[in-house]
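Everything numeric in this text was worked out from a predicted model, so none of it was measured.
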Number of protein chains: 2
Amino acid sequence: MVTIQDVAKAAGVSKSTVSMVINNNPKVKTETKYKVLSVIEKLGYVRNVSAVELTTKHKQNLGVIRFQRAELKNSFEGDPFTFYHDVANGIYRELQGSNYGLLHEEIKSTNGICQIPQMVKTNRIEGLLIIGGIFDKQFIETIREKISSVVILGVDYPDYDCVAMDSKFGTYTGIKYLIDHGHRDILFINGPEFTTSTDLKEEGYRLALAEAGIPFNEKRHMKSPFSGSGGYNAIKEVFEKDTTHPTAIFTGSDSIAAGVLRYFYEKRIMIPEDISVATFDDSILTEFGTPPLTSINMNKEQVGIEGYRMLKRRIKNPKAERKCVTVPYKIIDRGSVKKITG
Amino acid sequence: MVTIQDVAKAAGVSKSTVSMVINNNPKVKTETKYKVLSVIEKLGYVRNVSAVELTTKHKQNLGVIRFQRAELKNSFEGDPFTFYHDVANGIYRELQGSNYGLLHEEIKSTNGICQIPQMVKTNRIEGLLIIGGIFDKQFIETIREKISSVVILGVDYPDYDCVAMDSKFGTYTGIKYLIDHGHRDILFINGPEFTTSTDLKEEGYRLALAEAGIPFNEKRHMKSPFSGSGGYNAIKEVFEKDTTHPTAIFTGSDSIAAGVLRYFYEKRIMIPEDISVATFDDSILTEFGTPPLTSINMNKEQVGIEGYRMLKRRIKNPKAERKCVTVPYKIIDRGSVKKITG
DNA sequence: TTGTAAGCGTTATCAC
DNA sequence: GTGATAACGCTTACAA
C-alpha cells in the first residue's frame, strides 16, 4: 500500500507538503504541486479514508435509512416501498464525484418503537437522510442528539430540514383533472388515517371539489392502508354496498390503485370505458401496470438530489436555519380517464 | 467523545486491557472483564471505527453494487431492477448484528465499459457483493486485483464465488406446469440474446418440451430485451403476423410479462379465459400486477442472505476453494393458467 | 493476567 | 512555501 510517506520520499518533499497538495491548499507552489501530483499518479496513491477520519474527526460516509415492516414487505398486503428506491437513485446520482460513501440501513420497529440505526450508534456517518416512513418524535430526536446533520425526505417534519412532496396540490391537480374531464362523482381512496400526507391529500381533494361546486360526500372519501389489499377491499365495499357507483376513482398511492385494478379485472369492468381511474405516485407499479394509469408524478429522484444538497449544506453550516423544499408534481396522462359529458 | 483511554482510567486498568475486553480476548480475568464492561456501559463508550480500521488494516464495511442503464431505468422501455432491491433486503437482514456497514454504489457504464466502483478504488471495503448485471471480464478482474473478497449474485460466473439462480430448472418447471395443464402450443418469450440466463432458460424450455414429446418450434421461442416494450412488441408480432396463436405464454421476466399483459388488455383478450400466461421472476410487478400471474419464484432475499454468508467465508479464508450455491425456485399459482383438454 | 509502548496514515500547528 | 512533530483512538507485541 502506497502511503503519503512514500509519495513524499519519491517527490523529494515532506509528508505535510503532500498532504497540502491533496487538500488543495493554495499555499503550495504550483511547481511542487505538479511534481507531487505526478508522483501520486505514478505510484497510484489513494488516501486512506480511515486515517483521514481519525485525524479530522469527520466521517467520510453519509447514511440513508428506511423503515421496514418485514412481514408485509413486497406482498400485496403491504407497500412495495418503491419510493425508497427511486429516492435512493437520486442520491446516488448526486453523490458521484464527492468523497462520501453511502451507507444503507433498514430500521426495524418493534411495537411501534423504531430502533436507532446502527450507523448512528457506532458513529459511522457525517450526516443522515431519512426516507419517508412513520416514526415518532423520540426516535428522530435521539438521532439528532448523536448526529446533528439530518434531512428528512418525503414529508414536511417540523423543525427538521426536509424535502417534501406537495401532496395537497398533487391531489388537487389529479381531482381537478377528473373534474375537467366531466366527472362529478369521484371516489377518492386516500391513504391511512393519522398520516400527514393523508390529511394533505384530503385538503387537496376538498379544494378541487369546492372550486367546482361539488359537495363533499363522506361516502366518496375512503381511507385505506398503503397496500394492494387495502385498495381492493375499499373498492369492493363501494361496489357491493352502494347502488350508485362513481364515474371516476382517484387513489392515494399506486399500491392502492393496484388493488382497485385487480377488483375491476375480476369483475371485467374495463378502464376507461366503464370507469375512469387515476392515481397518485407514478411508481414502477403504474409504469409497468396494466392498464397504464394517468398519474400524479413527483420526480422522486429529484427528492434524493435535493436531499443530498440540503444535507451537504447542513453539514457545512450546522447553524443554518431550518429549510424545507417542496418538489413539484406533474400529471402524466396515460389515457385511463374518459371524457364524459354530463 | 468517550475513548478507550477514558474507560481505562475509570475502570482503573490500562488501555490494552480495555481493548482486550472489547475484543473478547479470553485472557482477561472475568472479574476485570465485568468491571470494564460496566464502565463501558456507564460511559456509553463506542468503538471508533476509523481507529480500528487504521490499526487492523481491515475495513469495517462491505460493499454492494448494481449496474445502471440510466436512460432506461424505471421506464417501460427498461427493466425496473427489482431483483437488486429484493436481494439487498436479504443482505440487510443477514447483516444485522455484525460489525459491518453496508456501502452501496451504482455503476455507470459508458460504451459498455463499466467504471470501477469508487469504494473499491478508494479502498473503503473489506468485501464486495455484485448484484446481477452484465459486465466484462476486464471489469471484474480489475476489481479482484484490488479487493480479493468478491461474491457475484444472480449468475454463475466462472472462477468466482457465486449465488446463482437455477434458471434452467425454473423455466423447465414453468413450462412443465403449462404442459401439465394441457397446453401444447406454448410461446416462450425469453430474455435478451447473448445472456447466460437466456441460454439456460432455453435449455429448460427445450427440456420440458422434449419430455412431453412436443417438437421445438423456432417461431415459439422469441427473444426480447428485459423491458415492458420488449414483451409488448414480441406478443404483438405473434398476434398480428401469425394465423394460429399459442394457447399459453411463458415470459422470461416480469417486465416482459408486463408488456404482454398490456397488449392483451388493449385487445381485450382476457386471462385466463382467452389465453394462459405464466412468468419467471415473481417480483413486485407480478405481486401487484393485474391480473395476478402464476410465476416462478426464486426467493431473492435468500440470494442476498447466502451471498453475505459466502462473502464472510471468503474474507475469513481467502484461499478457500471457489463455491457456487444455487437458490431453489418454487411455483406460485395465481390462477392465470387455464386447464385445457385437447 | 495486566501494563508499556510502538505504530497505523493522516492532518494541523508551528517553526523556519 | 515547506518541513518537523504531535496528535487522533486503537491494537498488539513484548515486558513485567
Rounded distance in Å - CG (A/Asp6) to P (C/dC8): 11 Å

Classify the ring geometry of B/His85 against A/His85: parallel below 30°, tilted from 30° to 60°, perpendicular beyond 60°. parallel

Run the salt-bridge test on A/Asp156 and A/Arg322 with the 4.0 Å N-O cut-off and return the result as yes or no. yes

Within the structure shown, what part of the strands sits under 4.0 Å from B/Ser50 by heavy-atom distance: base, sugar-phosphate, or nothing? nothing

For C/dT2, does OP1 or OP2 lie under 4.0 Å from any side-chain N or O of B/Thr32? yes

Residue pair B/Ser19 / B/Ser16, side-chain donor-acceptor N/O under 3.5 Å: no

So does A/Asn48 get a side-chain nitrogen or oxygen closer than 4.0 Å to the phosphate oxygens (OP1/OP2) of C/dC8? no

Measure from the side-chain heavy atoms of B/Ser16 and tell me the nearest of D/dG3, D/dT12, D/dT11. D/dT12

Whole-Å distance, B/Arg47 CZ to D/dT11 C1', equals 10 Å

Spatial distance of atom OG (B/Ser98) from atom CD (A/Gln118) [nearest 0.5 Å]: 8.5 Å

Whole-Å distance separating the CG atom of A/Asn25 from the P atom of C/dA12: 10 Å

Could you pull out the closest heavy-atom pair between A/Tyr160 and A/Ile152, with the gap in Å? CB-CD1, 3.8 Å

The side chain of A/Lys27 is closest to which nucleotide in this list: D/dT2, D/dG9, D/dT12? D/dT2

In whole angstrom, give the distance that lies between atom CD of B/Glu53 and atom C1' of D/dT11. 14 Å

Can you tell me the distance, in whole Å, between the CG atom of B/Leu54 and the C1' atom of D/dA7? 12 Å

Mind calculating the distance between CD1 (B/Ile4) and P (D/dG9) to the nearest angstrom? 11 Å

What's the closest nucleotide to the A/Ser14 side chain, out of D/dT11, D/dA4, D/dC8? D/dA4

On DNA chain C, does the nearest nucleotide to B/Lys15 precede the nearest nucleotide to A/Ser19 from the 5' side, or the other way round? Give the residue. B/Lys15

Comparing nearest nucleotides in DNA chain C, the 5'-proximal residue of the pair B/Thr55, B/Gly12 is B/Gly12

Between NZ of B/Lys9 and C1' of C/dT4 the distance, given in whole Å, is 17 Å

Closest to the side chain of B/Lys29, out of C/dT2, D/dT5, D/dT11, is C/dT2

By nearest atom, which of the nucleotides C/dT11, D/dG9, C/dT2 is closest to the B/Ala51 side chain? D/dG9

Separation of B/Lys59 atom NZ from C/dC8 atom P, in whole Å? 14 Å

Picking from C/dT11, C/dT2, D/dC10, which would you name as closest to the side chain of B/Val28? C/dT2

